[in-house]
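Note sheet for the following structure.
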Protein chains: 2
Amino acid sequence: MMRSMGRWEPNARGRLERAALALYRERGYERVTVAEIAREAGLTERTFFRHYADKREVLFGGSAALQEFLVGKVAAAPADTSPIELVVAALAATGEVFDERRDRARQRQTVIDAHPELRERELIKLATLATALAGALRERGVEESAAILAAQAGIAVFQVAFVRWLADGERDMAELVRGAYEELRTVTAGG
Amino acid sequence: MMRSMGRWEPNARGRLERAALALYRERGYERVTVAEIAREAGLTERTFFRHYADKREVLFGGSAALQEFLVGKVAAAPADTSPIELVVAALAATGEVFDERRDRARQRQTVIDAHPELRERELIKLATLATALAGALRERGVEESAAILAAQAGIAVFQVAFVRWLADGERDMAELVRGAYEELRTVTAGG
DNA sequence: CGAACCGATGTCAGTGTCTGACATCAACGT
DNA sequence: ACGTTGATGTCAGACACTGACATCGGTTCG
């Protein structure tokens, strides 16, 4: 059993993520090479690519955990809830994860918004999340296209709420998610 | 004035798009090099990159036209329509563009669905479309977040309808868009 | 008509991303 | 001790993409 110091400095991924965010913020995503990130983290370029599939992925280390969190919430919710409410309730609960880390999230988002390549990656993460949520709904017996639409609408709500959460200094995710959901209901009710 | 044959074969973009789709279908996206596509089209790699920003973009030549079409429909619609109805009506009208080209669309989509890089590009095109639709709604006086949510919800409807349109052999876009919209209304009405 | 110009293409050299193959070396179990 | 394991390093190479400059029909203008 390893006590605390192995052959290598621990937490290679953490060091890579920190170094990447810092460098991307200083010089902009395109003007940073993977070799530089790796060097800053005390590693080699090749090792970077063993931890992250590509140069973008290093900014999205947390998305798998977020997905598990949301799917878990949906799966664990009471039985008599409607699909869209299941999703919205799960999203509102992400405050547990997000509210503590607003500054870091802002930094990360600033970098992402400035670079189309990173926007693409963010979108596919959200789409993957939507698919996972739809799958969790189906597990609960929700019909296919209702599951997809509920999940997708939920993601739209989340995006609106997330932008406000970043801009805002006080209100928490739960409140903002609820607010955006009410707006969606108003909008889709219109005929 | 040039009659019909210039110094170069005409329609370079069209040739590149055809060659790319054919090669991607034969061997899969990753196993085709840009140099091969260009050679197949009677051009050089460098010229490919003058027409398309990258290897993915060659499959998305039509998305700008689709966006203009939809934005135009939203802008031209009668005055007393609700935001979501504006978007849905525009989407239903895309049959004019799509219904004739189902086979080609299927081929293209098969390639895209098989490669995450291409999925990413598709998603950012849809996101761009959503932003453009939201802008068109704002032009008509719709409030910001209502515009965003209506556009985003509309895109979700479109995606569901489009998948069905590809799978289906008979029903047209208008019908499928209307059907998916009704489902969305049912889902979001649930409380 | 000839010269200057223009626009799409070609040529070439170079940077950076990403991959495969193989080597290293501390920790661990036997 | 000794073989195994797993994270890392080293090296070579394919390929995406870019900047700089050359080419050459067609167009325009004097």
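The figures that follow rest on heavy atoms only: side chains count, while hydrogens, waters and symmetry mates do not. To find a chain, count down the sequence lines: A is the first, B the second, and so on, and within it residues start at 1.
Here A:A22 pairs with nothing under the side chain to side chain contact (heavy atoms under 4.5 Å, CB included) rule; sequence neighbours left out. Partners of A:R178 according to the salt bridge (Lys or Arg N to Asp or Glu O under 4.0 Å) rule, which considers only residues two or more places apart in sequence or in another chain, are A:E85. With sequence neighbours excluded, the residues satisfying salt bridge (Lys or Arg N to Asp or Glu O under 4.0 Å) with A:E120 are B:R121.
Here salt bridge (charged side-chain N to carboxylate O under 4.0 Å, His left out) pairs that include residues 28-47 of chain B, with residues two or more places apart or in two chains, are B:R27-B:E36. Sequence neighbours left out, the pairs with a member in residues 141-164 of chain A that pass ring pair (Phe, Tyr, Trp, His ring centres under 6.0 Å) are A:F98-A:F162, A:F158-A:F162, A:F162-A:W165. Every pair tested for ring pair (Phe, Tyr, Trp, His ring centres under 6.0 Å) that includes a residue from residues 131-152 of chain A fails, sequence neighbours excluded, so the list is empty. Pairs of residues two or more places apart, or lying in two chains, that qualify as side-chain hydrogen bond (donor to acceptor under 3.5 Å, both in side chains) and include a residue from residues 65-81 of chain A are A:K73-A:E96.
Applying a 4.0 Å cut-off to non-hydrogen atoms, the residues of residues 53-63 of chain A that approach DNA chain C are A:A53, A:D54, A:K55, A:R56, listed by residue number. Within a heavy-atom distance below 4.0 Å of DNA chain C, the residues of residues 16-38 of chain A found are A:V32, A:T33, A:V34.
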Identify all pairs in which a protein N or O lies below 3.5 Å from an N or O of nucleotides 7-11 of chain D, and state each distance.
from: D:dT8; atom 1: OP2; to: A:H51; atom 2: NE2; distance (Å): 2.6
from: D:dG9; atom 1: OP2; to: A:T44; atom 2: N; distance (Å): 3.0
from: D:dG9; atom 1: OP2; to: A:T44; atom 2: OG1; distance (Å): 2.9
from: D:dG9; atom 1: OP2; to: A:T47; atom 2: OG1; distance (Å): 2.6
from: D:dG9; atom 1: N7; to: A:R50; atom 2: NH1; distance (Å): 3.2
from: D:dG9; atom 1: O6; to: A:R50; atom 2: NH2; distance (Å): 2.4

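Here A:V71 is tied to no hydrophobic group at all, with no ILVMFWY side chain closer than 4.5 Å. A:L118 belongs to a hydrophobic cluster with A:L16, A:L21, A:L23, A:Y24, A:Y29, A:V32, A:V34, A:I37, A:L43, A:F48, A:F49, A:Y52, A:V58, A:L59, A:F60, A:V111, A:I112, counting contacts under 4.5 Å between side-chain heavy atoms of Ile, Leu, Val, Met, Phe, Trp and Tyr, direct or through other members.
The distance from atom CZ of B:R13 to atom P of C:dA8 is 12 Å, rounded to the nearest whole Å. To the nearest angstrom, C1' of D:dA12 lies 16 Å from CZ of A:F49. Per the geometry, CG belonging to B:N11 stands 16 Å off C1' belonging to C:dT9, to the nearest Å.
Residues A:R25 and A:T110 form no side-chain contact, since every pair of their non-hydrogen atoms from C-beta on lies 4.5 Å or further apart.
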